[in-house]
Each structure stands twice: as structure tokens, then as C-alpha cells.
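Sequential numbering from 1 along the given sequence is applied to the chain's residues.
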Amino acid sequence: MFLSVIIPAYNEASTLPLILQKIADTPLPAGYQWDIILVDDCSTDATPEVIAQWEDSQILPFTSVRHTENHGKGRAIRTGLEHARGYYTIIQDADLEYEPADMVRLLQYALSHTDCPVVYGSRILGQRLHRGGKITASPLFYWGGRLVTAAANLFYGLHLTDEPTCYKLFRTDLLRSLQLQCEGFEFCPEVTAKVARQGIPIPEIPISYHPRTLSEGKKINWRDGVEAIYTLFRYRW
């Protein structure tokens, strides 16, 4: 059995080797193997060279795909999904904000709750569990995320604490059935909306988070928050 991990990468040469090594060092439950799909979204830095070096090393075998034009995270995820072999699929950013060990925790939850084809990792619950901890690089990111979460809960009758979380685990056949149209960061609200419209529960478990700033390479901004709320609204009716 495989856990498919789609890693969209755009100009992440400095962090990509570190996250790949972390995944390689993270054991999966018995009977499971990593199925890594790395999608280079037409990077202009040394990301292609890093990918080539890791392919040669065979430390962590993976499938790599390169876009000839830059499209965005959503398109990269859609491309990666075409190659996914796992029963479950999850998204992993190419930076160091999320801990791969938490992907295993989401998988373990899904395996022990077979009626849950979707599991989200919540940074908010993780902060509460550890009684503090920084979950955002700035108040703008924090309150923007809370606003998007509130919109998702209002529009769809959900009870989420962290809708914009990267760690969203899906049964692969369900994710494919959603017929995604996303190009950029609206992947998150689109999948949330389409899952919620089917009446599928979305449990959350606590995860850790190490935020980075815009100067450190964070690519999302306030416009993406507006787009997220619009996406949630658009798929509601």
C-alpha cells in the first residue's frame, strides 16, 4: 500500500532537499510505502538540479514532473494527482513549515477510522495542545486564515478550526472524483467546499507548524485570502 504525497515546488531549491530528507527519515505504518510525486512548476532557480540530484541518489525514490510554464499550486496538485498510486493522498509543501511525521499521524487516524475518507491537520489545535507556539509569521496571515475558516464554517455548516491547512489527507479516489479546477492557492477552499457539499465529515487532528515570512519565500498573500473566500462562496450555490 502507498501513501501518495504530492509536493508542488516553485523556486524551493534551498528547502527542498531538507524536506525530502525529512520524509525519507520518517517511517510509515507497517505495510505502507511512500509514493512521492514532485511537481516542479517551472522553477527558475536550482530546483531542477536539486530534483535531478535526488533522483540519482535514490535515497527517496519519487516521480518527478516539470511544467514548462508556471501555473500555480493548484495546477501542480492536479498534475501530481494524475500520477498518484496510493489509496490515500496528501499534499506536502516544499518548504519546512510542516512536519512529515504529522502526515503519518493523519494516515493512522484514517486507518483507524475507516468511515473517514478525509482528515485535516489543524495548526490551531496543535497550538492549543502544546499551550502556545507560533502558528503564523504575522497577524495578517493568522487572522486571514481564521477569516477563511469562519467563512467555510458559515457557508457549509462545518466546525473547522483551520481550513487553510496544507495537510489535508484524502482517499485518492474521492479526491479524483471532485474534478478539481484550481490553478493556484484556491485548491484548499475548492476541496473543502466540494467535500462539504457531499456531506462528508472532516475531522481534524493537531499538527505542528513552523511559519516562514515573505522574505523567507512564503508566496501566499492577502489576495489569496480574498480568492479563498470567493471560492467558498462560489461553490456553495
Side-chain angles (χ1 to χ4, degrees), residues 3-6 8 29 32 73-74 77-78 80-81 84 86-93 97-130 135-136 141-182 184-209 220 224-225 227-237:
L3 172 62
S4 292
V5 182
I6 300 173
Y32 269 82
K73 181 177 181 178
I77 291 170
R78 288 162 52 199
L81 187 57
Y87 187 76
Y88 292 101
T89 293
I90 193 169
I91 314 305
Q92 167 71 62
D93 285 344
E97 291 190 325
Y98 292 83
E99 289 292 338
D102 285 329
M103 288 194 288
V104 179
R105 296 180 61 241
L106 265 70
L107 174 62
Q108 289 171 329
Y109 184 95
L111 292 175
S112 62
H113 298 77
T114 55
D115 58 335
C116 294
V118 180
V119 184
Y120 283 13
S122 170
R123 297 164 292 179
I124 301 297
L125 293 180
Q127 182 193 41
R128 294 174 185 172
L129 180 66
H130 296 100
I135 63 166
T136 181
F141 288 130
Y142 175 81
W143 289 110
R146 298 307 297 267
L147 182 60
V148 171
T149 300
N153 291 340
L154 176 64
F155 294 159
Y156 297 95
L158 301 173
H159 302 282
L160 297 175
T161 63
D162 190 9
E163 192 286 326
T165 179
C166 170
Y167 275 176
K168 294 175 166 70
L169 178 81
F170 301 91
R171 209 176 59 208
T172 304
D173 62 340
L174 171 63
L175 188 57
R176 287 190 170 125
S177 74
L178 299 180
Q179 299 181 352
L180 299 174
Q181 300 176 9
C182 51
F185 290 109
E186 75 275 15
F187 164 79
C188 284
E190 181 180 352
V191 292
T192 298
K194 290 183 174 180
V195 166
R197 288 197 62 173
Q198 294 188 35
I200 299 171
I202 306 176
E204 296 179 297
I205 67 170
I207 61 170
S208 56
Y209 185 60
I220 200 167
D224 298 302
E227 177 69 20
I229 293 174
Y230 171 70
T231 300
L232 288 166
F233 178 82
R234 180 163 61 95
Y235 283 110
R236 179 61 184 86
W237 294 276

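- Residues Ile205 and Leu125 are not in side-chain contact: their nearest non-hydrogen atoms beyond the backbone lie 4.5 Å or more apart.
- Remark: Tyr88 engages no residue in a side chain to side chain donor-acceptor pair (under 3.5 Å) (not counting sequence neighbours).
- Tyr230 is not listed as a side-chain neighbour of Tyr235, based on a closest heavy-atom distance of 4.5 Å or more.
- A pairwise comparison of heavy atoms in Gly86 and Ser4 identifies N-OG, 2.7 Å as the closest pair.
- For Ile229, the side-chain contact (heavy atoms from CB on, under 4.5 Å) criterion is met by Leu147, Val148, Ala151, not counting sequence neighbours.
- Here salt bridge (Lys or Arg N to Asp or Glu O under 4.0 Å) pairs that include residues 170-182, with residues two or more places apart or in two chains, are Arg171-Asp173.
- Residues forming a side chain to side chain donor-acceptor pair (under 3.5 Å) with Asp102 (at least two apart in sequence, or on another chain): Arg105, Ser208.
- Identified under the salt bridge (Lys or Arg N to Asp or Glu O under 4.0 Å) test for residues 190-201, with sequence neighbours left out: Glu190-Lys194.
- To the nearest 0.5 angstrom, Phe170 atom CZ is 10.5 Å from Ser177 atom OG.
- With respect to Ile90, the side-chain contact (heavy atoms from CB on, under 4.5 Å) criterion is satisfied by exactly one of Leu106, Leu175, Thr172: Leu106.
- Counting heavy atoms from C-beta outward, Thr165 and Tyr209 have side chains that stay 4.5 Å or more apart.
- Judged as a salt bridge (Lys or Arg N to Asp or Glu O under 4.0 Å), the pairs with a partner in residues 152-168 (not counting sequence neighbours) are, in order, Arg123-Asp162.
- Residues passing the side chain to side chain donor-acceptor pair (under 3.5 Å) test with Thr149, sequence neighbours excluded: none.
- Listed for the Tyr156 side chain is no donor-acceptor partner under 3.5 Å among the backbone atoms of Ala193.
- The structure places CD1 of Ile6 at 5.0 Å from CG of Leu81, a figure rounded to the nearest 0.5 Å.
- The salt bridge (charged side-chain N to carboxylate O under 4.0 Å, His left out) test applied to Glu204 returns no partner, not counting sequence neighbours.
- Residues passing the side-chain contact (heavy atoms from CB on, under 4.5 Å) test with Ile200, sequence neighbours excluded: Pro117, Val118, Leu174, Val195, Gln198.
- Taking each heavy atom of Cys188 and Pro164 in turn, the nearest pair found is SG-O, 4.0 Å.
- With rounding to the nearest 0.5 Å, the separation of SG in Cys116 from CG in Leu111 is 11.5 Å.
- Contacts of His113 classified as ring-ring contact (aromatic ring centres under 6.0 Å, His included), with partners at least two apart in sequence or in another chain: Tyr109.
- Heavy-atom minimum distance, Leu232 versus Ala152: CD1-N, 3.7 Å.
- For Gln92, the side chain to side chain donor-acceptor pair (under 3.5 Å) partners are Tyr167, not counting sequence neighbours.
- For the pair Thr231 and Thr192, the minimum side-chain heavy-atom distance is 4.5 Å or more.
- Annotation for Leu180 and Arg78: closest pair O-NE, 3.6 Å, computed over non-hydrogen atoms.
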